[in-house]
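I have placed the structure first, in the form of structure tokens, so that the comments after it can refer back to it.
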Amino acid sequence: MTQHAREDAFDHELKLLLDAIYHRYQHDFRHYALASLRRRVSQAMQRFGCRSVSQLQDRILHEPEVFAQTLEYFTVQVSEMFRDPDYFRALRAEVVPFLRTYPSVKLWIAGCSTGEEVISLAIVLDEEDVLDRSLIYATDINPKALGVAKAGVYPIARMAQFSASYLAAGGTRSLSDYYHAAYGSAIFDRSLRQRVLYADHSLATDAVFSEVHFVSCRNVLIYFDRELQNRALGVFHEALVHRGYLGLGSRESLRFSALAASLEELPGRQRLYRKR
Amino acid sequence: MSAKQPMHAGRSIEAVAVGASSGGIDALTLLLQALPPSFVPALLLVMHIPASNEGLLVEVLAPHCALPVREAFDKDSVVPGTVYVAPPGYHLLVEPARTLALSVDEPVNFCRPSIDVLFESAAYAYREALLGIVLTGANEDGARGLDAIRRAGGLAWVQQPSTSVSPVMPESALRYAGADRILALSEMATELARFVRP
Ligand SMILES: C[S@@+](CC[C@H](N)C(=O)[O-])C[C@H]1O[C@@H](n2cnc3c(N)ncnc32)[C@H](O)[C@@H]1O
């Protein structure tokens, strides 16, 4: 087979694989952005010693534990605390005052991965005295990541970077006030996670589950094609209360979305939107 | 066509993917300065800089270039004669449908954006209509990607290591992938500027 024929076969078999996964496991990756998926499926092929995507498909379909492991390749578990510090500054300045006007508020972190963003948001809410009246839904489709998020334990080596970002984000204390160190780990205070509900929820297949005042969905939509982006944005729009806020990743926007007219973008570069 | 434009080697180049690291700003400035407004290919650019340097590259490079210089935006269509710069903290990839894609996948070779990630996706998307260029740099990013470009039938140019501020990256690209041309920057600028509308 020539190089090009091999590549055509790759894309063809990849489509079949995504169909098969959907029918066998109800995980829908059929509308994910292909460029990075190709790369990660190639890595999964290497990991499981498969020479073709169809060989990988055979193993995924017949060995559920192989599927569970390949989920680590179909989803990208990369996160940090206070990623883009200016975003969290903007939350303090813009969103918190809005939340304060309610006796109780609900917030939703969609695609929370291993929970770094949840801790970051909880810290902001705590410092602004609104954590007590908040309920945070933290959702993802990766059960392993949700497990890490629930535990709230991270390698201590990551704290230097997180704490620099925390301060850049306008943190008023010291990040180390929120965790204790043990055996090379930073164990975050249970009180930060007391107001959090962790749940399995897919932006590709599941519907709205609650009304919320704020949705943060960062660095998830870049992994979707436009159609799936629109689906997810539709779910957020439906979930938001009147004048509720939506926050996206620093390189995501509503530019290609049908919902651009129903959400206004706040000035600045923070990718914060408000329901009209 | 090959007589008039010897660098094409009988092919039309639709996109040029460029990777640069330490010493890269000056090198890129020199290359971009040489490009006339009639330059045809799209230019996709990964330069290693810390994630905190928001918008810096576009700001620094745009004044030296006759072509529009933009930060790459997720799902944008690739427009010919436009320079796209990978945003700091994100990998830049390109789809066969000629649209850009960003990702926050793990760093590759400790880098995000990574040159390998751009090159491998571009090789897949453009095949022989791609030229890959590895410039000065102090790490080994770009070597595997350049190999992918060559295997897909694309062209590979590497900055002459002895004239690079940091020779490690060009050297490792040459070792791992080889190249169609090894060029000093000024030569490379002249050759690149030939990809113009006839
Ligand atoms: C790159 S992480 C982003 C983590 C975090 N929001 C941040 O910005 O640091 C992307 C996350 O999206 C999740 N994800 C992927 N597809 C999803 C879907 N259909 N529904 C919900 N979450 C999804 C992945 O499992 C992964 O945890």
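These numbers come from the heavy atoms of this one structure, side chains and all, not from hydrogens, waters or symmetry mates. Predicted, not measured: the structure shown is a model, and the values here were computed from it. Convention: sequence-line order gives letters A, B, ...; per-chain numbering from 1.
Scanning both residues, A:S36 and B:D105, for their nearest heavy atoms gives CB-OD2, 3.9 Å. In terms of heavy-atom proximity, B:V117 sits nearest to A:R39 at CG2-CZ, 3.6 Å. Closest non-hydrogen pair, A:Y223 versus B:V104, comes out as OH-N, 2.9 Å.
Both the backbone and the side chain of A:R226 come within contact range of chain B, with heavy atoms under 4.5 Å apart. Looking at B:V94, only its backbone comes within 4.5 Å of chain A, counting heavy atoms on both sides. Proximity to chain B (any heavy atom under 4.5 Å) is shown, for A:S79, by neither the backbone nor the side chain. Within the 4.5 angstrom heavy-atom criterion, no atom of A:Q43 approaches chain B. Only the side chain of B:Y90 comes within less than 4.5 Å of a heavy atom of chain A; its backbone N, CA, C and O stay farther away.
Per-residue counts of heavy-atom pairs under 4.5 Å with chain B were compared for A:V76, A:N219, A:L221, A:I222; the largest is that of A:I222. In terms of non-hydrogen atom pairs under 4.5 Å with chain A, the most contact-rich of B:A125, B:S103, B:A152 is B:S103.
Side-chain contact check for A:R38 versus B:P96: some heavy-atom pair is nearer than 4.5 Å.
Using a 4.0 Å cut-off between charged nitrogen and carboxylate oxygen, A:R251 and B:E71 count as a salt-bridge pair. A salt bridge is defined here as a Lys NZ or Arg NE, NH1 or NH2 lying under 4.0 Å from an Asp or Glu carboxylate O, and B:E106 with A:R40 fails to meet this definition.
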I'd like to know whether B:R112 forms a side-chain contact (heavy atoms from CB on, under 4.5 Å) with A:V78, so could you lay out the CA-CA distance, the side-chain angles of the two residues, the decisive distance to 0.1 Å, and finally the verdict. CA-CA 12 Å; B:R112 197 177 59 203; A:V78 177; 3.6 Å; yes

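Applying the 6.0 Å contact sphere to OH of A:Y22 captures no more than 12 heavy atoms from other residues, nucleotides or ligands.
Distance CG/A:L34 to CG/B:L93: 11.0 Å, rounded to 0.5 Å.
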